[in-house]
Amino acid sequence: MTQQGFGSIAVLTGAGISAESGVPTFRGENGLWRQYRAEELATPWAFQRDPTLVWEWYDWRRGLIASCAPNAAHQTLVEMDRRCQNFMLVTQNVDGLHQRAGSERVLELHGNIWQVRCTEENTVFENHDVPLHQVPPGCSCGALLRPHVVWFGETLDPETLGAAYRAVEGCDLMLVVGTSAVVQPAASLPAMAKDRGAYLIEINLEKTPLSAYADEVILGAAAEELPKLWLRLEESLC
Ligand code: BJW
């Protein structure tokens with residue numbers, strides 16, 4: 001690692017950062033996609049076909065996430081947020097654990113499992129009911145509510161994605177934590193940062209398609225490795 005100071009940091013997180021909190025990842029040995037087929041649950045077509053099935057799955061996941069607490073990796077990112085003037089946390093996670101830990105500058109690329117959206121009016125509501133009172137839940141206008149998350153085949157919110165591009169294009173250090181780096185467009189963000197000259201560090205249990213681009217690959221658990229990395233970086237920050 002160079003000794004120059006880092007003035008601007010962008011972080012991309014994925015399901016792996018919440019794994020040690022007890023939230024299942026999607027891919028890998030114990031991942032959700034081993035048990036469930038993504039196209040039957042995480043697509044707009046699946047919801048059209050069987051909203052009850054899709055909502056039962058989200059209701060189960062909401063219950064599971066509600067019982068989980070942020071871990072040391074989430075806490076480390078709170079410290080970075082507080083310490084660095086130019087900082088942005090971009091997450092693919094919908095679990096809300098970054099905010100529960102205390103992170104303030106967070107861009108949720110794939111939405112939030114604690115928000116629901118009216119399928120007619122597109123209004124977004126907070127909903128923390130565990131379990132849901134009714135499955136599938138309905139809006140007061142009579143239409144169905146859906147989880148306010150981004151499914152395969154759906155576009156990401158342009159404002160959120162635009163803010164993520166800006167953060168990544170302007171950073172001089174990018175950390176990528178606990179993502180398989182296969183889902184687009186999120187997976188392209190680290191390469192974008194690297195192409196603009198950022199120093200790229202990846203933390204993951206295993207190598208990913210991104211590892212070849214990274215300046216450093218730290219193989220290990222996020223809750224263990226991120227606090228250690230932060231101790232090492234703190235000196236050269238901001
Ligand atoms: C640890 C650890 C520990 C474990 N410590 N590490 C261009 C090319 C090809 C395809 C496409 C493309 N553009 C778009 C597409 C289609 C599609 C896509 O990318 N498909 C690929 C799979 C091929 N993308 C989309 O459809 C996106 N929409 C879009 O781009 O719109 C425009 C468009 C549409 C169609 C065609 C073309 C353009 C939307 C993507 C939405 C993703 N939604 C989900 C569900 C969210 C809601 C919910 O949670 O229910 O988002 S899918 C799922 O994957 C979820 C995650 O956010 C996302 C990424 O997963 P993540 O976070 O990386 O988790 P895992 O499980 O994959 O990996 C965990 C990692 O952690 C592993 O590496 C472990 O090793 C590691 N780990 N424990 C450190 N303790």
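Just so it is clear, the model here is predicted, and its values are computed rather than measured.
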Shortest non-hydrogen separation from Cys141 to Glu120 and the atoms involved: SG-CB, 4.5 Å
Side chain to side chain contact (heavy atoms under 4.5 Å, CB included) between Leu189 and Val90, worked out: CA-CA 10 Å; Leu189 293 172; Val90 182; 4.1 Å; yes
Within 6.0 angstrom of Glu126 CD, more than 12 heavy atoms from elsewhere: yes
Heavy-atom closest contact (Leu233 atom, Leu175 atom, distance): CD1-CD2, 4.4 Å
Evaluation steps, side chain to side chain contact (heavy atoms under 4.5 Å, CB included), between Trp230 and Leu77: CA-CA 9 Å; Trp230 172 232; Leu77 293 177; over 6 Å; no
Plane angle bin for Trp57 and Trp33 - parallel if under 30°, tilted between 30 and 60°, otherwise perpendicular: parallel
Parallel, tilted or perpendicular: ring planes of Trp114 versus His128, cut at 30 and 60 degrees: parallel
Full working for side chain to side chain contact (heavy atoms under 4.5 Å, CB included) between Leu161 and Leu107: CA-CA 8 Å; Leu161 186 59; Leu107 297 171; over 6 Å; no
Under-4.0 Å salt bridge between Arg62 and Asp129: no
Side-chain (Thr208) to main-chain (Leu210) donor-acceptor, under 3.5 angstrom: yes
Under 3.5 Å: donor-acceptor pair, side chain of Asp215, backbone of Ile201: no
Under 3.5 Å: donor-acceptor pair, side chain of Asp172, backbone of Gly7: yes
Check: Gln99 main-chain N/O paired with Ser103 side-chain donor or acceptor under 3.5 Å: no
Residue pair Ser18 / His98, side-chain donor-acceptor N/O under 3.5 Å: no
Side-chain ion pair, Glu56 and Arg61, N-O less than 4.0 Å: no
Non-hydrogen atoms of Val217 and Ser211 that approach each other most closely: CG2-O, 3.6 Å
Asp81 (side chain) donor-acceptor with Glu104 (main chain) under 3.5 angstrom: yes
Pair Arg146 + Glu154: basic N to acidic O under 4.0 Å: yes
Backbone of Thr179 reached by a side-chain donor or acceptor of Asn204 within 3.5 Å: yes
Donor-acceptor contact present, side-chain Thr43 to main-chain Phe152, <3.5 Å: no
Asn93 side-chain N/O to Asp95 backbone N/O, donor-acceptor pair under 3.5 Å: no
Name of the residue among Asp157, Thr160, Thr91, Leu156 meeting side chain to side chain contact (heavy atoms under 4.5 Å, CB included) with His110: Leu156
Shortest non-hydrogen contact between Ala101 and His74, atoms and distance: CB-CB, 3.8 Å
Derivation of the side chain to side chain contact (heavy atoms under 4.5 Å, CB included) call for Glu216 and Glu202: CA-CA 6 Å; Glu216 283 185 48; Glu202 180 184 46; over 6 Å; no
Donor-acceptor contact below 3.5 Å, side chain Glu225 vs main chain Ile203: no
